[in-house]
Amino acid sequence: MSIVTNETFQRDIDALRSVIEVEPILVIDVETNGLEPYKNNQICGIGVGQTDYLGLTQYYPFRHHQGENLSSDKLTLLIDLLNKSVKSYVGYNLKFDLHFLDREGLDVLSKELIDVIVMVRLMEHSDTKDLALTPTGKRNYGEGAIQYDIDTKKVLRSNKWNKDFSMAPPTVLGEYCKKDVILTARLYLDYLKKIIKTKQGRVFELERQLTKVLYKMEKQGISIDTDYAQQIEKLITNRLSEVEQEIYKLSGKEFNVSSPAQIGEVFSGIGIESPVKTPKGQDSWSEAALVNINHRLAGLIRQYRTLEKLLSTYIEPYMGTEVMHTSFCNWGTSTGRLSSRSPNLQNIPRNHFNLKERSLSEDEKNEIRSKISATVSTKGMSLNQDLSDDVLKTWSFVGDESYDSTNINQVSIRRLFIPRKNYSLVGFDYSQMEVRVFMSYFRNKTIDEILNKGDVDFHSEAAKLAFGVDESSERFKEYRQAAKAITFGTIYGIGNNKLSQQLNTTPKEAGKYKKQYFEGMKGSKDFFDEVVRTVAIRGWIKNRYGRKYRINPDFAYKGVNYLVQGTSADLLSERMLKVDNYLEDKKSNILLQVHDEIICEVHDSELNEIPPNIQNLLQENSLGIPLEVDVEVCNPSWATKVPFELSIEEDKIDWTIDWS
DNA sequence: CCTGACTCA
DNA sequence: CATTTGAGTCAGG
């Protein structure tokens, strides 16, 4: 009997105390009334267990809407015991549970945190997407091991308790929670062995420490300018209905502009078919298709989609939110990158948007034409006709990174993100990180010369090496573009077909460019071939941090991408531990990570000292790759970036020096 | 190539 | 009828 009641509490907590005394490591899982610890959700009960899953498991119910809850003084007693005696917590997606427990007074930061889902990621096949507890249990131990989950979910649903688990009685939810604890413990022990056996101890240690750093970032959150959110919500809604009305007018009827099927009907009504097909052969109404339709309706639909997306993804979730807390997953990707959820703060638009259509000068039209062809070529499309003025005009809503806060017709999503009082947001951005890591895999004299040039344009250097041209050549820009496409194509593992689309040439021609590139970029071909050969033979490779990738030999080319992206990711994770350690006794904090950059809040009193030190910490690395980090101050918001400069305090200036 | 959020069907 | 699922689209790297 280990659904704890008021009557058995003393005996149960004594039993718990004695197992912690023997081994101060505890598996933990909380049940809650929702998924948002920083909004109104709370725990309704706490499950604990030994890592030996045949040992003790208990469920302490506190806030169920039916059945027997423990009195609140008992919650205090339990938390006190944990704070005093436990050294390590083990959990499945552990940060989630800890955010809730933190609010109940649990000491998190002085403990060792072990997230089993992170361990599972290190061992699973790279193609495995669903790492949730029950699918993982099923993969490892079969259907029987997770039957309890299926059964309980059925009960919860039939009673309509599935939206809010605290509606269920402790007898139902407690048993369920205990079984989750047991399954977590079993996975922990098994995966610990697997990680040791595959010699991934180092990368696991990195991930284990990273878990706490991410936890701190999530808890800190980032401040939102709620006034600005309200302001642009209104502006965008108004603009959206203007656009909507014009779409209805042009198409002669009202319809759901979000529905591709209905867009198809409207276009066929005015005798237009899409120049692009979906993989299934239907008419596509994607951006790449709409761009090629010389009709104002196409431009307005693009605009409508963008405005809708802004509202639903980037504005509504922020309304009335003073501080936004994301969740970083260090188990979400097959390469080892982080991902960010609810909300995703790693895909906030960089560019601003213009809400007012204006007539364009010839210069502006040409600017837009080149913007369109750039957009189109990166998506592998070609532009097959010139657009008339009324269509071109619909493009005036596309902005760039130069947000102007005084222009009331511009809106920027990054403008929502502001520093706390007495802080500045400072961005630290690796320049060409993945290219540098790629080159580091086949370092030789030629490559080292490029890597050590400092702030260099890699694509130009690659063009020079591969095609024997220099800046004086008339066609240098084309060659540079080709080199850039091949570098990224190789890193991403695209084929000649897709490469030829990006280069706007035939696959055969693309193959020729690629051959030239590999010959000029000494060592790159050997590296590429070696990766493909290894994956094809034995089905796995390891990156520079020892992270193992199990890859389907039919897609062996993916290996290069995994190595480059994964090594970059692990390198940044490793540096984040150093930065976190450095900031421990400071007022400043890391807030976000966006794959090749971190964003920190730096206290005014530390603004001269900290940015250069973080820059140095990020540039150092155990792989000896020459890395360049740009430091930019984001003031007054994330929308505006200015290169960092030391601010000189007047009393430190030596006025006796004659600068003339 | 690697993601996550939203919408429709 | 409510809920889940896959595809399509688009934001970031």
Side-chain angles (χ1 to χ4, degrees), chain A residues 126-127 129-130 153-154 157-158 160 162-163 255-264 274 276-291 301-317 326-351 353 375 378-380 398 401 412-414 429-435 437-438 485 487-495 498-499 502 549 551 555-569 572 592-599 638:
Chain A
S126 298
D127 289 340
K129 290 268 181 306
D130 198 351
K153 293 275 164 65
K154 211 178 279 174
R157 186 169 307 162
S158 64
K160 302 209 165 170
N162 53 328
K163 295 275 177 215
F255 67 103
N256 184 354
V257 187
S258 306
S259 163
Q262 294 181 40
I263 290 176
S274 173
V276 185
K277 308 294 167 197
T278 66
K280 283 177 169 175
Q282 291 169 314
D283 274 13
S284 165
W285 304 104
S286 66
E287 167 145 328
L290 295 179
V291 161
I301 291 171
R302 292 182 59 257
Q303 207 166 136
Y304 180 93
R305 282 184 184 164
T306 307
L307 294 168
E308 274 277 84
K309 189 166 195 104
L310 290 181
L311 279 178
S312 65
T313 304
Y314 298 114
I315 295 173
E316 273 155 19
T326 183
S327 170
F328 286 107
C329 305
N330 49 340
W331 46 265
T333 71
S334 34
T335 57
R337 272 190 173 185
L338 299 182
S339 70
S340 158
R341 299 194 309 183
S342 52
N344 182 354
L345 295 186
Q346 292 180 319
N347 71 348
I348 305 298
R350 305 180 67 97
N351 295 344
F353 301 88
T375 307
T378 56
K379 288 177 163 56
V398 177
E401 287 190 44
S412 163
I413 301 302
R414 293 198 176 199
D429 194 342
Y430 282 97
S431 139
Q432 312 270 23
M433 186 188 210
E434 289 188 350
V435 180
V437 170
F438 173 56
T487 302
F488 279 106
T490 306
I491 292 171
Y492 290 161
I494 63 175
K498 198 144 201 182
L499 182 64
Q502 294 202 6
Y549 302 106
I551 299 167
F555 299 97
Y557 66 88
K558 282 188 183 179
V560 174
N561 170 245
Y562 283 29
L563 293 181
V564 172
Q565 207 178 90
T567 297
S568 305
L572 181 48
L592 300 177
Q593 188 258 37
V594 193
H595 308 307
D596 61 359
E597 69 175 316
I598 61 173
I599 290 115
W638 197 9

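Chain letters run A, B, ... following the sequence lines, proteins first and then strands; every chain starts at 1. Computed from heavy atoms alone, side chains included, the values below leave out hydrogens, waters and symmetry copies.
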*Which part of the nucleic acid, if any, lies within contact of A:Arg341, taking any heavy atom under 4.0 Å across all strands shown: a base, the sugar-phosphate backbone alone, or nothing?*
sugar-phosphate
*Rounded distance (nearest 0.5 Å) linking atom CD1 of A:Ile413 with atom OH of A:Tyr314*: 8.5 Å
_Contacting residues from residues 255-264 of chain A, given that a heavy atom lies under 4.0 angstrom of DNA chain B_ = A:Asn256, A:Ser258, A:Ser259, A:Ala261
*Does a side-chain N or O from A:Tyr562 land closer than 4.0 Å to OP1 or OP2 of B:dC1, or not?*
no
*Grab the CD-P distance between A:Gln593 and B:dT3 for me, whole Å please.*
14 Å
*Of the options A:Leu563, A:Asp127, A:Thr335, which is the one that meets A:Lys558 in a side chain to side chain contact (heavy atoms under 4.5 Å, CB included)?*
A:Asp127
_Atom-pair distance (OH on A:Tyr430; C1' on C:dG12), nearest Å_ = 19 Å
*asked:* Is A:Lys160 close enough to C:dA2 that one of its side-chain N or O atoms is under 4.0 Å from OP1 or OP2 there?
replied: no
*Starting at atom CZ of A:Arg350, determine the distance to atom P of C:dC10, rounded to an integer number of angstrom.*
20 Å
*Just call it for A:Asn344: base, sugar-phosphate, or nothing, with non-hydrogen atoms closer than 4.0 Å on any strand.*
sugar-phosphate
*Would you indicate, yes or no, if B:dC6 has its OP1 or OP2 atom less than 4.0 angstrom from a side-chain nitrogen or oxygen of A:Ser312?*
no
*asked:* Is there a side-chain contact between A:Ser126 and the phosphate of B:dC2, meaning an N or O under 4.0 Å from OP1 or OP2?
replied: no
*Spacing between A:Trp331 atom CH2 and B:dG4 atom C1', to the nearest angstrom*: 11 Å
*asked:* Can a side-chain donor-acceptor contact be found between A:Ser339 and A:Thr333 if the only test is distance below 3.5 angstrom?
replied: no
_A:Ser284 side chain near C:dT9 phosphate (N/O to OP1/OP2, under 4.0 Å)_ = yes
*Whole angstrom is fine here: how far is it from NZ in A:Lys309 over to P in B:dC8?*
13 Å
*Tell me: CG of A:Leu592 to P of C:dG12, nearest whole Å?*
15 Å
*Indicate the atoms forming the closest heavy-atom contact of A:Leu572 with A:Gln593, along with that distance.*
CD2-NE2, 3.6 Å
*With a 4.0 Å cut-off, would you call A:Glu308 and A:Arg302 a salt bridge?*
no
_OG-CD1 distance between A:Ser334 and A:Ile551, expressed to the nearest 0.5 angstrom_ = 9.0 Å
*asked:* Let's see if you can work this out: which of C:dT4, C:dG13, C:dG12 has an atom nearest to the side-chain heavy atoms of A:Pro349?
replied: C:dG12
*So what does A:Gln565 hit on the nucleic acid, given a heavy-atom distance under 4.0 Å: a base, only sugar-phosphate, or nothing?*
base
*asked:* Expressed as a whole number of angstroms, how long is the span from A:Asn162:CG to C:dT4:C1'?
replied: 13 Å
*For A:Tyr557, which contact category applies under a 4.0 Å heavy-atom criterion: base, sugar-phosphate, or nothing?*
sugar-phosphate
*Tell me what A:Ile348 touches on the nucleic acid: a base, only sugar-phosphate, or nothing, going by heavy atoms under 4.0 Å.*
sugar-phosphate
*Considering all heavy atoms of both residues, which atom of A:Glu434 and which atom of A:Val564 are nearest to each other, and what is their separation?*
O-CG1, 3.4 Å
*Could you state the interatomic distance from CD (A:Gln565) to CG (A:Asp596), rounded to the nearest 0.5 Å?*
10.5 Å
*Whole angstrom value for the distance that separates P of C:dG13 from CG of A:Asn561*: 16 Å
*Within the structure, does a side-chain N or O atom of A:Arg305 lie under 4.0 Å from either OP1 or OP2 of C:dC10?*
yes
